[in-house]
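Chain A is the first sequence line, chain B the second, and so forth, proteins listed ahead of strands; every chain is numbered from 1. Hydrogens, waters and symmetry mates play no part in the numbers below; they use all other heavy atoms, side chains included.
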2 protein chains.
Amino acid sequence: METREKILRAAAEMLAEDMAAKLSVRAVAARAGVSTGSLRFHFPTQRALQDSLLARIYAHLLPGDPIRDRTLPPRERLLNCLRQVLAPLGTNEDARTAWGTMYRTFIEPEPTEAVRTAYLGHEREAERRVEHWLTVLEEEGALPPGDHTRNVRFLLTVLNGLSVERALPTGGSVLVAETETLNAAVDHVLSTRPAPPAGPARP
Amino acid sequence: METREKILRAAAEMLAEDMAAKLSVRAVAARAGVSTGSLRFHFPTQRALQDSLLARIYAHLLPGDPIRDRTLPPRERLLNCLRQVLAPLGTNEDARTAWGTMYRTFIEPEPTEAVRTAYLGHEREAERRVEHWLTVLEEEGALPPGDHTRNVRFLLTVLNGLSVERALPTGGSVLVAETETLNAAVDHVLSTRPAPPAGPARP
DNA sequence: ACCTGAACACCGTTCAAGT
DNA sequence: ACCTGAACACCGTTCAAGT
């Protein structure tokens, strides 16, 4: 087996055993049975390793890419992408247990460096996905060119809010409220021009 | 000046010069002109230092009753109101324990009728608050008259998202990301006319 | 082209020792 | 009670040297 693959598998194993595993150069290299230098040869930076790993995991977890479906208008496509993030959460019971593991893994324990970097890995992967969608829409001209990080953060926060609301007790229909809020968020993103290179706040 | 104060100021300066400054033990200690041991004496952990710093910044940032303060433009007032919701959550440690009780109270247990109504009470109270703000802005003409429930739900979802993000491990500065997202949300609300009586989506 | 492992410059935290 | 600075156990990255 190629070294690169050995490294990725070793890292994946460690992550499977503990969602918040440390994944340091030396730990992964030792587990894979290679040297730190070799690991660095294949993954020039620690972040590169984590990104490759999470990208692989997420790819295996949810295929399909509604953003490229040109038969639908941009708004509907972005909406579908966002829905695809929420879908695996389920509703009620499912969402509650999903949030249970989320809570126990990343909120309840002391935010040690291990926990922190594990979470930040997931966060970066999520950012990359949303960024991808916005980039596609930008290429089509549905979104003005520029820096999207502001909009990415905004959408991720909305998704976070909606996902906890799925786990919380609910009054009426979650789904209509969710759709309305998603619509509002997408509206906002599709009607703002991206931020200029610098500046503290306010588009 | 007391050492503790010197340390906090040194850290504040460094953060002022560069929002993404490193704030390592040695860097801050050197800047403050104290030893690393002394810094550890006043702030038992690096996180303790960051928490004290952020607490001070937020405290300095938040005055009282913001929505009626006609000296500020509507946007800033609504922004301050939203911040005032997030403020008592605290950051890091505080936010984590706050979310702990939230989780154990409303998510973990079976959503019995008792749990449900208890939560819905809180939710309605939050809705009433936000509704109040939007009504004030409507009376001033900053917001077109009509039904605000859509916008209320939207803002509450954003607040939910931001509040979990406070409890989750954090990468860079919570402050700037939070401010930008709040700005985006307020922008959206202040630039939409309220929805007509019925219809599935899209203003 | 791939791999090794020592070396470098950093971390945060601990702790005996001073005042 | 406060402060010092060395020491410890870790990082991620670099790089001359090997195959």
Side-chain angles (χ1 to χ4, degrees), chain A residues 1-15 17-56 106 109-125 128, chain B residues 1-15 17-55 91-94 96 168-174:
Chain A
M1 194 194 302
E2 312 107 18
T3 305
R4 198 191 135 89
E5 190 57 28
K6 278 201 291 188
I7 294 170
L8 280 175
R9 290 203 192 179
E13 281 173 29
M14 294 169 69
L15 214 63
E17 289 167 11
D18 177 9
M19 279 279 273
K22 184 63 193 172
L23 295 194
S24 77
V25 221
R26 289 165 184 79
V28 175
R31 174 85 169 231
V34 302
S35 67
T36 66
S38 183
L39 193 153
R40 263 299 150 285
F41 177 79
H42 291 282
F43 303 96
T45 179
Q46 208 55 9
R47 168 144 186 179
L49 170 61
Q50 291 161 9
D51 286 354
S52 297
L53 191 59
L54 284 188
R56 167 175 295 202
F106 294 121
E110 290 292 321
T112 61
E113 204 50 30
V115 172
R116 230 178 63 90
T117 58
Y119 172 73
L120 291 182
H122 288 280
E123 195 186 30
R124 265 204 315 279
E125 181 57 30
R128 240 179 29 78
Chain B
M1 195 194 303
E2 313 104 24
T3 305
R4 200 193 133 89
E5 190 57 28
K6 281 201 291 189
I7 293 169
L8 280 174
R9 287 200 195 183
E13 281 174 30
M14 295 170 70
L15 215 63
E17 288 167 13
D18 178 9
M19 280 290 268
K22 185 64 190 165
L23 294 194
S24 78
V25 221
R26 289 164 185 78
V28 175
R31 174 85 169 231
V34 302
S35 67
T36 67
S38 184
L39 193 153
R40 263 296 150 285
F41 175 78
H42 291 283
F43 304 96
T45 178
Q46 210 51 12
R47 172 153 221 155
L49 170 61
Q50 291 160 9
D51 285 355
S52 298
L53 197 57
L54 280 190
T91 52
N92 303 329
E93 191 103 359
D94 292 338
R96 264 176 58 232
L168 286 165
T170 171
S173 162
V174 216

Identify the pairs formed between an N or O of the protein and an N or O of nucleotides 17-19 of chain C at a distance under 3.5 Å, and give each distance.
none

Base-pair string, DNA chain C, Watson-Crick plus G-U, cut-off 3.5 Å on both distances, | for inter-strand, is ||.|||||...|||||.||

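Note on residues 28-45 of chain B: pairs passing salt bridge (charged side-chain N to carboxylate O under 4.0 Å, His left out), not counting sequence neighbours, are Glu13(B)-Arg31(B), Glu17(B)-Arg31(B).
With rounding to the nearest 0.5 Å, the separation of CZ in Arg47(B) from CG in Leu53(B) is 13.5 Å. How far CD of Gln50(B) is from CG of Leu23(B): 6.5 Å, rounded to the nearest 0.5 Å. Once rounded to the nearest 0.5 Å, the distance linking CG of Leu15(B) with NZ of Lys22(B) reads 13.0 Å. Atoms NZ and CE, from Lys6(A) and Met1(A) in turn, are 7.5 Å apart once rounded to the nearest 0.5 Å. Atom CG of Leu8(B) is separated from atom CG of Leu39(B) by 9.0 Å, given to the nearest 0.5 angstrom. A distance of 8.5 Å separates OG in Ser52(A) from CZ in Arg56(A), rounded to the nearest 0.5 Å.
Using modelled atom types, no side-chain atom of Thr45(B) and backbone atom of Ala48(B) make a donor-acceptor pair closer than 3.5 Å.
Contacts between residues 39-52 of chain B and DNA chain C, counted as heavy-atom distances below 4.0 Å, involve Arg40(B), Thr45(B), Gln46(B). Listed in residue order, the members of residues 21-37 of chain A having a heavy atom less than 4.0 Å from DNA chain C are Arg26(A), Val34(A), Ser35(A), Thr36(A), Gly37(A).
Nearest heavy-atom pair across Ser38(A) and Thr3(A) is OG-CG2, 3.5 Å.
For dT4(D), one of the phosphate oxygens OP1 or OP2 lies less than 4.0 angstrom from a side-chain nitrogen or oxygen of Ser38(B).
With sequence neighbours left out, Arg96(B) forms a salt bridge (Lys or Arg N to Asp or Glu O under 4.0 Å) with Glu110(A), Glu93(B).
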